[in-house]
Amino acid sequence: MFINSPTVRYVDRKRVLQYRWGLLPTARWLCKIGKSINNTCPLCRGEDDGHHAISGCPRLSAAYTVRHNDAGTEILEAISRGQLGQCVVMSDVGMSRRRSQAELPESMQTQRFMQHIAFPSTIPPRLQDALREYRESVPDILMVESADEGTYYMLVEVKYCRDTDPIGQQDRASNQHEPLRDLIKQNDPLAVVLQLNITLGVSGVIYKDFTENMEKLGVRGTAAKSLARRLHFLAVKHLNKIWALRTSLVHGKKHRWGHRGTGATDTRASQAASLGPIKRRATFLEPDHRKRQRKR
């Protein structure tokens with residue numbers, strides 16, 4: 001979809017294709033073509049590859065959080081306009097985007113954790129007190145719906161994952177909120193606790209179960225398709241932003257996000273010096289095949 005879109009820049013398309021084909025100029029790729037002597041990340045010294053750079057480096061965790069919050073806010077806004085918008089009790093995403101403050105109900109603009117949430121009267125007081133004292137992992141969205149047979153609690157978690165392996169992140173999300181599910185069941189015997197994990201590919205992949213999951217959250221038809229399209233383009237643009245931030249940190253330049261890198265470490269500089277004058281300049285720089293020297 002992003003290939004033919006006029007709203008996607010050339011550099012954004014380039015980065016996505018490089019990531020999908022395994023051609024991002026990471027340390028692993030540079031080592032493979034003989035322009036680096038190891039495959040360690042220049043920022044965290046871990047094993048470097050495309051997915052590590054876009055979604056696994058600890059030094060870029062702030063950029064990953066921004067991407068996650070932007071995607072979570074899009075999903076939260078779609079749910080608030082859907083059939084189950086009144087069931088949203090709290091959210092851990094969406095506060096960073098000021099334009100959304102006027103569109104979201106006041107109950108969705110709460111702080112992290114649940115100590116200041118006005119729970120609906122259908123939730124037993126004992127469970128309300130337990131949730132306010134709960135200090136472990138909090139889901140991105142908590143929804144509560146009352147029915148004749150009991151109260152339904154829906155835990156919604158948004159995860160970015162490797163395009164070809166969403167199962168790992170789904171299992172991680174399920175294990176992450178297991179204590180919260182047990183807490184709800186212990187304090188509300190009639191509770192029906194469900195967890196819905198929405199996984200998104202880091203390069204814009206939207207999985208087949210996305211439409212089914214959004215239908216369970218009250219987002220159907222064209223609204224679900226429009227949401228999938230926005231999330232697709234959001235991931236494409238964030239991929240290049242994350243790569244640009246990584247490049248600035250590696251070369252010690254100040255990025256427009258406000259981060260400043262430390263540049264090459266002593267180990268990395270000594271490795272580049274050992275390669276000789278020809279390879280030293282291209283060791284950790286991305287080759288630009290469009291530039292050619294003019295013949296005199």
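Throughout, numbering of the chain's residues begins at 1 and tracks the sequence.
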Kindly say whether Arg132 contributes a backbone atom to a donor-acceptor pair with the side chain of Arg135 at under 3.5 angstrom? yes
Looking at every heavy atom in both Pro25 and Leu30, which two are closest together, and how far apart are they? O-CD1, 4.0 Å
Could you grab the distance from atom CG of Asn240 to atom CD of Gln18, nearest 0.5 Å is fine? 9.5 Å
Strictly by salt bridge (charged side-chain N to carboxylate O under 4.0 Å, His left out), give each pair with a member in residues 161-178 just once, sequence neighbours left out. none
Shortest non-hydrogen contact between Arg59 and Leu43, atoms and distance: NH1-O, 3.5 Å
Partners meeting side-chain contact (heavy atoms from CB on, under 4.5 Å) with Ala173 (sequence neighbours left out): Glu157, Lys159, Gln195, Asn197
In short, Leu24 meets Gly50 closest at the heavy-atom pair CD1-CA, 4.2 Å
Option passing side chain to side chain contact (heavy atoms under 4.5 Å, CB included) with Val89 (candidates Leu131, Val144, Ile141): Val144
Mind checking the CD-CD spacing from Glu136 to Gln176? Nearest 0.5 Å is all I need. 10.5 Å
Any chance the side chains of Asp48 and Asn39 put a donor and an acceptor closer than 3.5 Å? no
Inter-residue atom distance Asp70.CG - Arg230.CZ, 0.5 Å rounding: 12.5 Å
Contact between Met154 and Tyr152 at the side-chain level, heavy atoms closer than 4.5 Å - yes or no? no
To the nearest 0.5 Å, how far apart are CG in Asn38 and SG in Cys31? 6.5 Å
Close side-chain approach of Arg67 and Ile242, heavy atoms under 4.5 Å: yes
Using a 4.5 Å cut-off on heavy atoms from C-beta on, say whether the side chain of Pro139 contacts that of Val156. no
With heavy-atom distances below 4.5 Å as the criterion, would you say the side chains of Met90 and Val138 are in contact? yes
Could you grab the distance from atom CG of Leu227 to atom CZ of Arg81, nearest 0.5 Å is fine? 8.5 Å
How about Tyr160 and His68: are their ring centres within less than 6.0 Å of each other? no
Donor-acceptor pair between His51 and Tyr19 side chains, under 3.5 angstrom: yes
In a table with atom names and distances, give each donor-acceptor pair under 3.5 Å that connects a side chain of residues 182-191 to protein atoms at least two apart or in another chain.
from, atom 1, to, atom 2, distance (Å)
Asn187, ND2, Leu183, O, 2.8
Asp188, OD1, Leu190, N, 3.4
Asp188, OD2, Tyr153, OH, 2.8

Hits for ring pair (Phe, Tyr, Trp, His ring centres under 6.0 Å) against His52, two or more places apart or cross-chain, chain-then-number order -> none
Mind running side chain to side chain contact (heavy atoms under 4.5 Å, CB included) on Val66 and His238 for me, showing each step along the way? CA-CA 9 Å; Val66 172; His238 269 286; 3.8 Å; yes
Could you go through the side chain to side chain contact (heavy atoms under 4.5 Å, CB included) check for Arg229 and His232 one step at a time? CA-CA 5 Å; Arg229 183 182 179 88; His232 169 76; 5.6 Å; no
In sequence, state the C-alpha distance, the side-chain angles, and the governing distance for Ile79 and Ile75, and then conclude on side chain to side chain contact (heavy atoms under 4.5 Å, CB included). CA-CA 6 Å; Ile79 294 175; Ile75 295 173; 3.9 Å; yes
Apart from Val205 itself, which Ile, Leu, Val, Met, Phe, Trp or Tyr residues share its cluster (side-chain heavy atoms under 4.5 Å, direct or through members)? Tyr207
Applying side chain to side chain contact (heavy atoms under 4.5 Å, CB included), run through Asp129 and Phe119 and close with a yes or a no. CA-CA 10 Å; Asp129 296 337; Phe119 291 103; over 6 Å; no
Taking the side chain as every heavy atom from C-beta outward, state whether Cys57 and Tyr64 have any atom pair closer than 4.5 Å. yes
Is any side-chain heavy atom of Val16 closer than 4.5 Å to one of Asp12? no
Donor-acceptor check, side chain of Asp140 to backbone of Val93, threshold 3.5 angstrom: yes or no? no
Report yes or no: do Leu23 and Val11 belong to one cluster of Ile/Leu/Val/Met/Phe/Trp/Tyr joined by side chain heavy-atom distances under 4.5 Å? no
What closest approach, in Å, do His177 and Ser137 show between heavy atoms, and which atom pair accounts for it? ND1-OG, 3.4 Å
Show the atom names and distances, to 0.1 Å, of all donor-acceptor pairs under 3.5 Å that link a side chain in residues 208-224 to residues at least two apart or in another chain.
from, atom 1, to, atom 2, distance (Å)
Asn213, ND2, Asp209, O, 3.1
Arg220, NH1, Gln83, OE1, 2.5
Arg220, NH2, Glu215, O, 3.2

Over all heavy atoms of both residues, which pair between Trp29 and Gly22 is shortest? Give the atoms and the distance, please. CD1-O, 3.7 Å
Arg246 and Pro42, any side-chain heavy atoms less than 4.5 Å apart: yes
Do Ile167 and Leu196 belong together in a cluster built from hydrophobic side chains that touch within less than 4.5 Å? no
Beyond-backbone contact of Leu84 with Met143, side-chain heavy atoms, under 4.5 angstrom: yes
CD/Gln169 to CG/Leu200 distance, rounded to the nearest 0.5 angstrom? 10.5 Å
Is there a donor-acceptor contact under 3.5 Å from the side chain of Ser80 to the main chain of Glu77? yes
Looking at every non-hydrogen atom in both residues, tell me the closest pair between Glu74 and Leu231 and how far apart they are. CB-CD2, 4.0 Å
